[in-house]
Colleague: 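Take a look at this one; I'll ask things after.
In this chain, numbering begins with 1 at the start of the sequence shown.
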Amino acid sequence: MSNEKDTNDPTADDPDEPPHGGVDDSNPAGNGEDAARGDPEPDDGPASDPDVDGGPTADSGGESVADPDDADEPWDDDVVVDEGDGFDDTEVVGGAPDDDRNGDTLGPADDGGIDDLGSTVEVEGAEIDEDPGEDDLLGGLKIDTTAELEIPDRLVDQVIGQEHARDVIIKAAKQRRHVMMIGSPGTGKSMLAKAMSELLPKEELQDVLVYHNPDDGNKPKTRTVPAGKGDQIVEAHREEARKRNQMRSLLMWIIIAVVLGYALIIAGTILVGIIAAGVVYLVFRYLNRGSDAMIPNLLVNNGDTKTAPFRDATGAHAGALLGDVRHDPFQSGGMETPSHDRVEAGAIHKSNKGVLFVDEINTLDIRSQQHLMTAIQEGEFSITGQSERSSGAMVQTEPVPTDFVMIAAGNLDAMENMHPALRSRIKGYGYEVYMEDTIEDTPEMRRKYVRFIAQEVAKDGRLPEFSAEAVEEIILEAKRRSGRKDHLTLKMRNLGGMVRVAGDIARGEDAEMTTRDHVLQAKGRSRSIEQQLADDYIERRKDYELQVSEGYVAGRVNGLAVMGEDSGIMLPVMAEVTPTQGGGQVIATGQLKEMAEESVQNVSAIIKKFSDENISEKDIHIQFIQTGQQGVDGDSASITVATAVISALENVGVDQSLAMTGSLSVRGDVLPVGGVTHKIEAAAKAGCTRVIIPAANEQDVMIEDEYEEMIEIIPVSHISEVLDIALEGETEKDSLVSRLKSITGSTLNDGNVSGPSSPSPQ
């Protein structure tokens, strides 16, 4: 298909009627509408006659000659761009990439093509034992340091663990589909978005120019051209304007000289001559301003872009996202800036033919989400001023192409506050992906974690390589942070932070490599704010004797809680039974949130059934000690509350060297909870020697070696087991346990304690 046309003229067949949007419809490479909608044929056909569009023509000597018939078309380019630039105007969009334009290509056919990319990317550069043992934390890799591993060149091959999301990104890049990724921070959402920009073809990139509109200065015209042409067109306009200004300046000085000579020699009135010369000077200066206004504004420049554009619009205000028009304080008197020169492209325009990434999509205001939805649907979006009180509010350009692939990301709450129509657009024309927090611990994944550490060292560029022992310690930490047996964490950003801290420690010591000792030091230095606060709370409680870890006390139990995501703390719970003043009730204090309040109500069901006395004549007071302003959120203190209340009702002491955590059903079953590893370590730090956890959580325990000999872990399945372990006095305790078994015996006797399949987050 022939595609030859003078790319300097924004008009097509009719010079007096520019095409919609200022798009050169006869050039598929510059046609935002046809290319965006997949139209295989241009609208107007090729223009083989250089004079038909009214633009400049070139004679045999290559000189630029303006067509006199179009002298009254002030927004016409009126220039010829040197064609010896390596560009081929006959290139059809979607064809083979132009190697001369942006250097080496990275299109879908390179490196085997997208179809050849699988989810399994093997670690290369080292010998691998095909049958490694369970204790081999390197997954069978035979290495001494991370320097022996090869790092994949492409970002998509560096993604660790998110195999499903990786496959979706590869498919979405090939088919140009939108993607929404939902998951915890640090699981690789932004990395996958950048990877998609590398996979998209680059040969369709476009520059966008904005021209002055002589009919209405507040409605600038737009035009798209192949990437790299925009700079040349603007430079050609500037050169033409410079030559025109030189000619006008020469003419101006000639006229001034004639006026002054006439006034001085013939008329003899030098003052009148000076005034006349000043008027001539101002007139020519005003004409020069009009000439400068004809230079187009290069709105989007992709001339130096090596891959498809990637724009991170996270947290962008409306103007940065949708484009804006700068305010002009001088709006008259020849001092004003032309409207088209004040137009600024937004992220949606700069990401045309590329990727627009918006993290925390729900933080965008509703108006911005609505406009974003329009840009996705229409493939083009006009730019106007975003401030109602600015002079730019009166300016609105013709539509600018916005043919981007949208990557929206966020946490689980992002779906609640996201505009439903915008989510429908993404879902209807793309994929929704949930980013996993953990992945099964296999030899293959361990090898990839080794490569992850090598990648972090290579990206930083200032860290010593990691020894095999140091890598093993980091993989142990990945197992521990997962919170699940036989799993590894996928919160790679936090894990990468510890890698960098360990490397910084090694570099500070001028060590040749990062060792296991450096990683152990990094664990202490890279503690989260919550961990530091928890340790500080524990120390302060010891100073003021608020921490009790020995003896027996009725109605007081050492509970366990988690601050943030990875910091355990001991949380005492006290209970007191008093005569009621008007109907028995359960009163709980300590900034309890909804889930914690519900757990107290569930516990009260067991208490009412358990007690032989009429508790309608008593009030049960439950206090969570020193919860602070953050309060208590979760039901992991259920067995703690039940034990404290039963102890207070029966006036039987509770072992204070014991701590406990676990949820509780209304039938007395102990259900699994989250964060058991961190809670156990907190109990050990506080001086407790034993800790009770749900039996279902026993497989999730991965405490540090230093705590293993400090504390005994006791798994339980029923509240009767908790009382048997926690209460003092064999006779009274046996009576209480027998009574509790009798009221909840059916579940216990069957030995079939059910619970949620995964720990509740708290």
Side-chain angles (χ1 to χ4, degrees), residues 10-11 15-24 32-33 72-77 207-225 230 233-234 237-238 241 285-301 311 313 316-352 364-402:
T11 60
D16 297 324
E17 186 64 28
H20 177 66
V23 177
D24 186 352
E33 294 184 1
D72 60 344
E73 191 66 23
W75 70 285
D76 196 344
D77 284 351
D207 291 343
V208 180
L209 297 163
V210 182
Y211 287 82
H212 171 65
N213 186 348
D215 297 329
D216 188 346
N218 288 328
K219 294 183 179 180
K221 297 180 178 294
T222 62
R223 174 186 175 200
T224 59
V225 296
I233 293 174
V234 171
H237 273 279
R238 285 176 179 165
R285 291 289 296 176
Y286 183 82
L287 292 176
N288 284 344
R289 285 189 53 83
S291 176
D292 293 340
M294 297 303 297
I295 301 175
N297 175 17
L298 183 55
L299 194 65
V300 178
N301 184 4
R311 297 290 174 178
H317 56 80
L321 177 66
L322 306 171
D324 205 348
V325 180
R326 296 192 307 274
H327 175 68
D328 183 11
F330 304 104
Q331 301 180 43
S332 61
M335 301 176 64
E336 68 277 4
T337 302
S339 297
H340 75 284
D341 268 344
R342 295 186 284 122
V343 176
E344 299 286 345
I348 62 174
H349 309 103
K350 294 178 181 178
S351 60
N352 183 45
L364 288 179
D365 60 76
I366 294 299
R367 179 174 173 269
S368 294
Q369 292 190 48
Q370 289 174 330
H371 290 322
L372 188 58
M373 175 180 60
T374 302
I376 292 174
Q377 183 72 15
E378 301 297 330
E380 57 184 17
F381 192 83
S382 298
I383 299 177
T384 187
Q386 296 298 323
S387 173
E388 297 177 354
R389 291 178 294 275
S390 170
S391 61
M394 298 298 295
V395 179
Q396 184 172 10
T397 70
E398 291 180 340
V400 179
T402 57

Colleague: How many angstroms lie between atom NE2 of H212 and atom NE2 of H340, to the nearest 0.5 angstrom?
Modeller: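 Atom-to-atom, H212:NE2 and H340:NE2 are 7.5 Å apart.
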Colleague: The test is side chain to side chain contact (heavy atoms under 4.5 Å, CB included); show your working for V325 and E344 and say whether it passes.
Modeller: CA-CA 6 Å; V325 180; E344 299 286 345; over 6 Å; no
Colleague: The criterion is side chain to side chain contact (heavy atoms under 4.5 Å, CB included); which residues satisfy it with A347, sequence neighbours excluded?
Modeller: R311, A313, L321, L356
Colleague: Hey, does the side chain of N297 reach the backbone of V343 with a donor-acceptor pair shorter than 3.5 angstrom?
Modeller: yes
Colleague: Apply side chain to side chain contact (heavy atoms under 4.5 Å, CB included) to residues N352 and V300 and explain how you reach the verdict.
Modeller: CA-CA 9 Å; N352 183 45; V300 178; 5.9 Å; no
Colleague: Between T397 and S382, is there a donor-acceptor pair closer than 3.5 Å when you use the side chain of the first and the backbone of the second?
Modeller: no
Colleague: Parallel, tilted or perpendicular for Y211 and H237, by the 30°/60° rule?
Modeller: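 Ring orientation, 0 to 90° scale: perpendicular.
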Colleague: Which is it for V208 and H349 under the side chain to side chain contact (heavy atoms under 4.5 Å, CB included) test, yes or no, and what are the steps along the way?
Modeller: CA-CA 9 Å; V208 180; H349 309 103; over 6 Å; no
Colleague: How close do I348 and A375 get, heavy atom to heavy atom, and via which atoms?
Modeller: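 Here I348 and A375 meet closest at CD1-CB, 4.0 Å.
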Colleague: Keeping D324 on the side-chain end and G319 on the backbone end, is there a donor-acceptor pair under 3.5 Å?
Modeller: no
Colleague: Can you see which heavy atom on Q369 is nearest to which on L364, and at what distance?
Modeller: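 Distance-wise, the nearest heavy atoms are NE2-O, 2.9 Å.
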Colleague: With side chain to side chain contact (heavy atoms under 4.5 Å, CB included) as the test, pick out the partner of I233 among L298, I295, V225.
Modeller: V225
Colleague: Distance-only, no hydrogens or angles: does the T222 side chain make a donor-acceptor pair with backbone N or O of V400 under 3.5 Å?
Modeller: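 A pair under 3.5 Å: no.
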Colleague: Going by side chain to side chain contact (heavy atoms under 4.5 Å, CB included), name the residues that satisfy it together with R367, two or more places apart in sequence or in a different chain.
Modeller: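 So R367 forms a side chain to side chain contact (heavy atoms under 4.5 Å, CB included) with A318, D365, H371, Q386.
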Colleague: Can you name the closest pair of heavy atoms from N213 and K219 and give their distance?
Modeller: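 Nearest heavy atoms, N213 then K219: ND2-O, 2.9 Å.
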Colleague: Measure the CG-NZ distance between L209 and K221 for me, rounded to the nearest 0.5 Å.
Modeller: 14.5 Å
Colleague: Can you tell me how far apart CG (L322) and NE2 (H317) are? Round to the nearest 0.5 Å.
Modeller: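 It is 10.5 Å, given to the nearest 0.5 Å.
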Colleague: Tell me the closest heavy-atom pair linking G230 and D207, and the distance in Å.
Modeller: N-OD2, 3.0 Å
Colleague: Of all heavy-atom pairs between V395 and S339, which one has the smallest distance, and what is that distance?
Modeller: CG2-OG, 3.8 Å
